[in-house]
Amino acid sequence: MKPFYPSATKGAILILEPQTASLQIAQYAREQGYEPIVVTADRHEIEAVREPYRACLDAISDWHIVDYWRPDAGFRTKLSNLIERHATVGVHSRSELCLPAEAEIRRLLGLPYAEADEIASWTDKLSLRRKLQRAGLSQLACLDAACLADAPRWPFPGDAVFKPRRGVDSLGVRRCRSQADVADAIRSYGEMISGTIKDTVDRHYLREFESGVFVEEAAHGELLSVEGIVEAGHFRPIGITGRNLYTRNPVIELGFRFPYEPAAAVAILSKAEAILAAIGYRDGAVHMEMMVDAAGSIELIDFNPRLVGSDVMLAMNRAYGTRIEDVMLRLGTGRESGVVPCEPVCFIDSRSFFAEDGVDHLQSISFPEHPHLIHGLARKAPGACLEPPPKQVSGIVGSFTVSGASADEAAFHARWIADQIRINGAYRIDR
């Protein structure tokens, strides 16, 4: 039976290419009397969303299908017509792909918005790195990949990281130790871009906004991320997220810990605030990945002008006993977010995993019973063909989330559960 929702009397909220947590926001908007309208290039992919988000689909009032996301004149005209047709009062964008469209919608609605060149300066990772260098906020060397080929020797003091200038989901990202490694990374990235990219958002973003590749000095230390809201230039932190990394390739993130309370928390949040001021980010959600070493050096390694992905919003709600959806709905309609410091009521540890290399088809995933297991989820359907190595985020087969009275307790439960999970009844997980 479909849930009962109140009449949509407050106007429409355009939800651009929703993925997981964005569907929660759509559902919350419907509960509050708004009309959620999904704008997407692939309705079927959204309708196939994994648990626990499928129940949110019933909240969607209408769908609008687009062929592409480049904000050209024709696309802007379609947006204007859509806004008028549905008496639109707000907008929410989940990914970098939709940021230019979101800005155009906010402009038409009279809400604070960013110009196209500002968005490009935040999402182009090479340009952002150079801006941080000029502001004295980064010590990491960087170089366009084409220039690196002509360098007489390896120009970095150690390892470097090959990245698309506008990348997503760590696709194409590779750690390199030589110019030969970079040449191979360029070749592999070209094959990926011209090959099959299953995820709609990844495919459109990597192809419609492709701007080349670069290499930057590898940062060392612990990876974490800062989540927050910026309103009229004022940074309002929501919390810090610890990262669980793939043991065989630490550039791939396989889950998170929230809230995370590192010893350097005050310095980390201060650095985040300084970066936001330096790059001119004034309104919107932020997800800022940082590397913190033992000496206290803090380097931004990825900046995302959007809400954090994965299941982190679920974790925020459980950890704080709140509804972050309300914060995002307020942000999307131009109202004050209401973000206030919170004390956690519990700590969350969420972990994703791959199948072992020898498993080429998924038949089943079994999770053990445990009182602190919130949910264990298969991320692919039974019978799915699994990708061969090297592993990418798209190859994740499952995930699970646990709670604990402390971060250490949650991590202890997570490690025990991970050791008991079996794929196809016999194989251990790759994590």
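- The shortest side-chain heavy-atom distance between Leu140 and Leu300 does not fall under the 4.5 Å cut-off.
- Salt bridge status for Asp302 with Lys163: absent, with no side-chain N to carboxylate O gap under 4.0 Å.
- Of the charged side-chain nitrogens involved, none lies within less than 4.0 Å of a carboxylate oxygen, so that Glu216 and Arg130 do not count as a salt-bridged pair.
- Phe367 CZ: more than 12 foreign heavy atoms inside a 6.0 Å radius.
- Taking the six-membered ring where the residue is Trp, His372 and His370 present tilted rings, their angle falling between 30° and 60°.
- Under a 3.5 Å cut-off, the side chain of Thr322 and the backbone N or O of Ile324 do not form any donor-acceptor pair.
- Looking at Glu217, its side chain does come within 3.5 Å of a backbone N or O of Ala141 through a donor-acceptor pair.
- Remark: side-chain polar atoms of Asn304 are not paired, donor with acceptor, to backbone N or O of Arg306 under 3.5 angstrom.
- Distance CG/Leu329 to OH/Tyr34: 5.0 Å, rounded to 0.5 Å.
- At least one donor-acceptor pair closer than 3.5 Å links the side chain of Gln179 to the backbone N or O of Leu148.
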Could you check Phe235 against Ile275 for side-chain contact (heavy atoms from CB on, under 4.5 Å), going step by step and ending with a plain yes or no?
CA-CA 11 Å; Phe235 175 50; Ile275 289 171; over 6 Å; no
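- Other residues, nucleotides and ligands contribute more than 12 heavy atoms inside 6.0 Å of the CZ atom of Arg166.
- Of all non-hydrogen atoms in Pro237 and Val339, the two that sit nearest each other are O-CG1, 3.8 Å.
- Between Ile348 and Val312 the shortest side-chain heavy-atom distance does not fall below 4.5 Å.
- Residue Ile229 holds its CD1 atom at 12.0 Å from CD of Glu336, rounded to the nearest 0.5 Å.
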Taking it one step at a time, do Trp416 and Val402 satisfy side-chain contact (heavy atoms from CB on, under 4.5 Å)?
CA-CA 11 Å; Trp416 185 90; Val402 303; over 6 Å; no
Asn317 and Glu325: CA distance, side-chain angles, deciding distance, side chain to side chain donor-acceptor pair (under 3.5 Å) verdict:
CA-CA 9 Å; Asn317 286 343; Glu325 297 96 323; 2.9 Å; yes
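- When the options His413, His375, Arg351 are evaluated for a side-chain contact (heavy atoms from CB on, under 4.5 Å) with Phe400, the one that passes is Arg351.
- Between the side chain of Trp122 and the main chain of Phe303, no donor-acceptor pair closer than 3.5 Å is present.
- Formation of a donor-acceptor pair under 3.5 Å by the Asp283 side chain with backbone atoms of Glu231 is not found in this model.
- In this structure the side chain of Val308 never reaches within 4.5 angstrom of the side chain of Phe256, judged on heavy atoms.
- Using a distance-only test at 3.5 Å, with no hydrogens or angles considered, no donor-acceptor pair links the side chain of Asp169 to the main chain of Leu171.
- Separation of atoms CZ (Arg422) and CD1 (Ile365) is listed at 12.5 Å; rounding is to 0.5 Å.
- Between Asp326 and Arg330 a salt bridge is recorded (basic side-chain N to carboxylate O distance below 4.0 Å).
- Ring geometry for Tyr189 against Phe162 counts as perpendicular: the plane angle is over 60°, on a 0 to 90° scale with 30° as the lower cut.
- For Glu210 and Arg207, the salt-bridge test fails: no basic side-chain N is under 4.0 Å from an acidic carboxylate O.
- Ring geometry, Tyr320 versus Phe258: the interplanar angle exceeds 60°, so the pair is classed perpendicular (tilted spans 30 to 60°).
- Here the side chain of Glu118 pairs a donor or acceptor atom with the backbone of Glu115 at under 3.5 angstrom.
- For the salt bridge (Lys or Arg N to Asp or Glu O under 4.0 Å) condition, the pairs that include at least one residue of residues 252-267, sequence neighbours left out, are Arg243-Glu253.
- Screening residues 384-395 for salt bridge (Lys or Arg N to Asp or Glu O under 4.0 Å) gives Asp357-Lys391, Lys391-Asp430 as the qualifying pairs, with residues at least two apart or on separate chains.
- When every heavy atom of Ala26 is checked against every heavy atom of Pro36, the shortest pair comes out as O-CG, 3.3 Å.
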Please lay out, stage by stage, how Glu409 and Phe347 fare under the test side-chain contact (heavy atoms from CB on, under 4.5 Å).
CA-CA 8 Å; Glu409 180 183 296; Phe347 292 78; over 6 Å; no
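- Of the possible polar contacts, none joining the Asn249 side chain to the Ile252 backbone as a donor-acceptor pair under 3.5 Å is found.
- By the 4.5 Å heavy-atom criterion applied to side chains, Pro112 and Arg282 are not counted as neighbours.
- The closest side-chain donor-acceptor pair between Tyr205 and Glu17, if any, does not fall under 3.5 angstrom.
- With a 6.0 Å radius and a threshold of 12 heavy atoms from other residues, nucleotides or ligands, Glu343 has its CD atom at or below the threshold.
- Taking 4.0 Å as the cut-off between side-chain N and carboxylate O, Glu356 and Arg428 do not count as a salt-bridged pair.
- In this structure, the side chains of Ser188 and Arg174 come closer than 4.5 Å at one or more pairs of heavy atoms.
- Salt-bridge formation is detected for the pair Arg50/Asp311: a Lys NZ or Arg NE/NH1/NH2 atom is positioned less than 4.0 Å from an Asp or Glu carboxylate oxygen.
- Distance check, rounded to the nearest 0.5 Å: CZ of Arg165 to CG of Leu128 gives 11.0 Å.
- Using modelled atom types and a 3.5 Å distance limit, the side chains of Thr200 and Glu45 yield a donor-acceptor pair.
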Between Gln420 and Glu369, is a side-chain contact (heavy atoms from CB on, under 4.5 Å) present by the stated rule, with each step listed?
CA-CA 10 Å; Gln420 312 307 313; Glu369 292 187 3; over 6 Å; no
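- Under 3.5 Å, the side chains of Arg318 and Ser403 contain no donor-acceptor pair of N or O atoms.
- A distance-only check finds no donor-acceptor pair linking the side chain of Glu104 to the backbone of Pro71 [under 3.5 Å].
- Taking each heavy atom of Leu137 and Ala278 in turn, the nearest pair found is CD1-CB, 3.6 Å.
- Among Ile37, Ile25, Thr333, the one residue that satisfies the side-chain contact (heavy atoms from CB on, under 4.5 Å) test with Ile13 is Thr333.
- No hydrogens or angles considered: nothing links the side chains of Gln19 and Ser95 as a donor-acceptor pair under 3.5 Å.
- No more than 12 heavy atoms of other residues, nucleotides or ligands lie within 6.0 Å of OH in Tyr427, so this atom counts as exposed by the packing criterion.
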